[in-house]
Amino acid sequence: MQTKIPCVIMRGGTSRGPFFHLSDLPADVPTRDAVLLAVMGSPHDYQVDGIGGAVSVTSKVAMISKSRHPGADVDYLFAQVEIKERIVDTKPNCGNMLVAVGPFAIESGLVPAKSGETIVRIFNVNTQTLVEAIVQTPGGRVTYEGTAAIDGVPGTAAPVGINFKGGIGSVTGKLLPTGRPVDTIDGVEVSCVDVAMPVMLARAEAFGKTGNEAATALDADTELFKRMEAIRRKAGIMMGMGDVSKRVVPKIALLSPARTGGTITSRFFVPNACHKAHPVTGTVCIASACAISGTVAAQIAPLPSAPQGIVTIEHPSGTIAIDFDADFSGGREELRRAALIRTARRIFEGQACVPSEVWQGKRATESAAAPA
């Protein structure tokens, strides 16, 4: 016997995964996590017994509900499902999956569509922050067809505007979790910054890299990952996050000067593989770091005073641009605007099937719970 759960698979930005109504999943968190592992097919190198794509950007889940928070339309709970371990991590956020939340919410009847475009106010449960999505709804219906293109995704689609209304201290509660713009760990200068996503930033050259390598070339360097992971774990402790060996945050970004007219170059790790493009939350964090005096990012590409305007990050698949306005000078911590244009698409709708024993809570898992 199997239990069937209503499910929609959506692409958001450069990520993809199943979207569920939170009410369709078990209320008990360990049981819910076991269900998500079964849905994705984890743990297994290829996730062959589930719908996961065997890479981090396709092993993600979005859980949506009517918002319980003032000023928001829907609540968005994100989960990163580990591929090779029985771990479901709801501590981080995913800005790419977030791009698809607005269209999903409208088509699910959680938010009424307006003619032309519809603003969906999304409360991110993981980071306790508010994000606005602008969805194209000509004639009062979501459209996925359009001329917007983003690097890392083939073809074009309707644009979805995303504006982060907060996110400082998303996980740690602090802009600079260690209290300093730069720390030295194992002889490497790093900056630990938490805006939309906690990230450990370092120069690519500190790891013997140019910063312009292809993601596949970096993934093949096992010694690089061993060295980065050792430093990341120490950074996690310094950031007040404790043992992060079984968590996907903090993420890692290796930075270098821009080469094709952008602001800065990033190779972003998630953290056990190099992102083939670039995460939205990582874009917000790196742009913020460029505006914080003394950080590794600001040493490479310092930003002018607010409003900074368009900040462009070069990544393995091209570039990602953000319209940025923040003031971190003189002790201020003001993120006034962090807006991006991304795209989304509804790919599949139907039912996900899981073994009944999983639904009944007979399989346990490790989890990193998000705030209520």
Side-chain angles (χ1 to χ4, degrees), residues 2-13 15-29 31-32 35-36 39-40 51 60-79 81 90 93-146 148 157-165 280 340-354 359 370-372:
Q2 296 199 89
T3 300
K4 298 180 179 180
I5 316 163
C7 173
V8 174
I9 296 176
M10 298 196 72
R11 175 185 63 78
S15 294
R16 188 194 72 219
F19 277 61
F20 297 101
H21 287 278
L22 185 62
S23 59
D24 288 333
L25 295 170
D28 174 66
V29 172
T31 303
R32 184 188 73 198
V35 167
L36 296 182
V39 167
M40 303 306 284
I51 61 175
K60 301 182 174 187
V61 176
M63 293 164 276
I64 314 300
S65 57
K66 196 71 176 176
S67 185
R68 299 182 297 159
H69 299 85
D73 299 308
V74 294
D75 289 344
Y76 158 55
L77 176 60
F78 166 74
V81 179
T90 55
N93 177 24
C94 177
N96 276 300
M97 288 285 278
L98 187 149
V99 175
V101 172
F104 176 85
I106 294 170
E107 292 188 312
S108 297
L110 295 173
V111 177
K114 297 182 179 179
S115 181
E117 61 183 29
T118 303
I119 295 177
V120 180
R121 300 166 300 174
I122 304 164
F123 184 83
N124 180 225
V125 178
N126 308 71
T127 59
Q128 301 286 291
T129 55
L130 186 66
V131 181
E132 287 184 349
I134 304 172
V135 182
Q136 301 304 303
T137 51
R141 299 186 65 180
V142 173
T143 182
Y144 295 102
E145 297 181 356
V160 178
I162 294 291
N163 184 24
F164 287 79
K165 308 292 285 185
V280 169
L340 304 93
I341 295 296
R342 308 296 280 164
T343 65
R345 190 168 79 85
R346 193 178 182 95
I347 295 173
F348 166 89
E349 54 186 45
Q351 296 174 318
C353 301
V354 299
W359 186 266

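Between Val61 and Val81, some side-chain heavy-atom pair lies under the 4.5 Å cut-off. Ile51 places a side-chain heavy atom less than 4.5 Å from the side chain of Met40. Side-chain contact between Val35 and Pro26: present, with at least one pair of heavy atoms (C-beta onward) separated by less than 4.5 Å. Between Arg345 and Pro103, every side-chain heavy-atom pair lies at or beyond the 4.5 Å cut-off. Between Leu36 and Met63 the shortest side-chain heavy-atom distance falls below 4.5 Å.
For the residue pair Arg121 and Gly71, the shortest heavy atom distance occurs at CD-O, 3.3 Å. Residue Ile341 comes nearest to Gly161 through the heavy atom pair CD1-CA, 3.9 Å, listed as atom of the first residue, atom of the second, then distance. In terms of heavy-atom proximity, Ala344 sits nearest to Ala157 at O-CB, 4.4 Å. Taking both residues in full, the closest heavy atoms of Ser15 and Cys94 are given as OG-SG, 4.0 Å, listed atom of the first, atom of the second, then distance. Summarising the geometry of Met10 relative to Ile347, their closest heavy-atom pair is C-CD1, 4.2 Å, with the distance given to 0.1 Å. A pairwise comparison of heavy atoms in Asn96 and Gly13 identifies OD1-CA, 3.3 Å as the closest pair.
Here the CZ atom belonging to Phe123 is positioned 3.5 Å from the NE2 atom belonging to His69, to the nearest 0.5 angstrom. From Leu98, atom CG reaches atom CZ of Phe78 across 10.5 Å, with rounding to the nearest 0.5 Å. Of the inter-residue distances, the one linking Asp73 atom CG with Leu110 atom CG reads 9.5 Å to the nearest 0.5 angstrom. Rounded to the nearest 0.5 angstrom, Met97 CE and Arg342 CZ are separated by 13.5 Å. Note that CD of Gln136 and OG1 of Thr343 are 12.0 Å apart. Values are rounded to the nearest 0.5 Å. To the nearest 0.5 Å, atoms NE2 (His21) and SG (Cys7) are separated by 10.5 Å.
When each of Ile162, Leu340, Val131 is checked for a side chain to side chain contact (heavy atoms under 4.5 Å, CB included) with Val99, only Ile162 meets the rule. With Phe104 as the partner, the ring-ring contact (aromatic ring centres under 6.0 Å, His included) test is satisfied by one option alone out of Tyr144, Phe20, Phe19, Tyr76: Phe19.
A donor-acceptor pair is defined here as one N or O able to donate and one able to accept, closer than 3.5 Å; no such pair exists between the side chain of Lys114 and the backbone of Thr137.
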Apply the test side chain to side chain contact (heavy atoms under 4.5 Å, CB included) to residues Val101 and Val74: give CA-CA distance (whole Å), side-chain angles for both, the deciding distance (0.1 Å), then the verdict. CA-CA 9 Å; Val101 172; Val74 294; 4.1 Å; yes
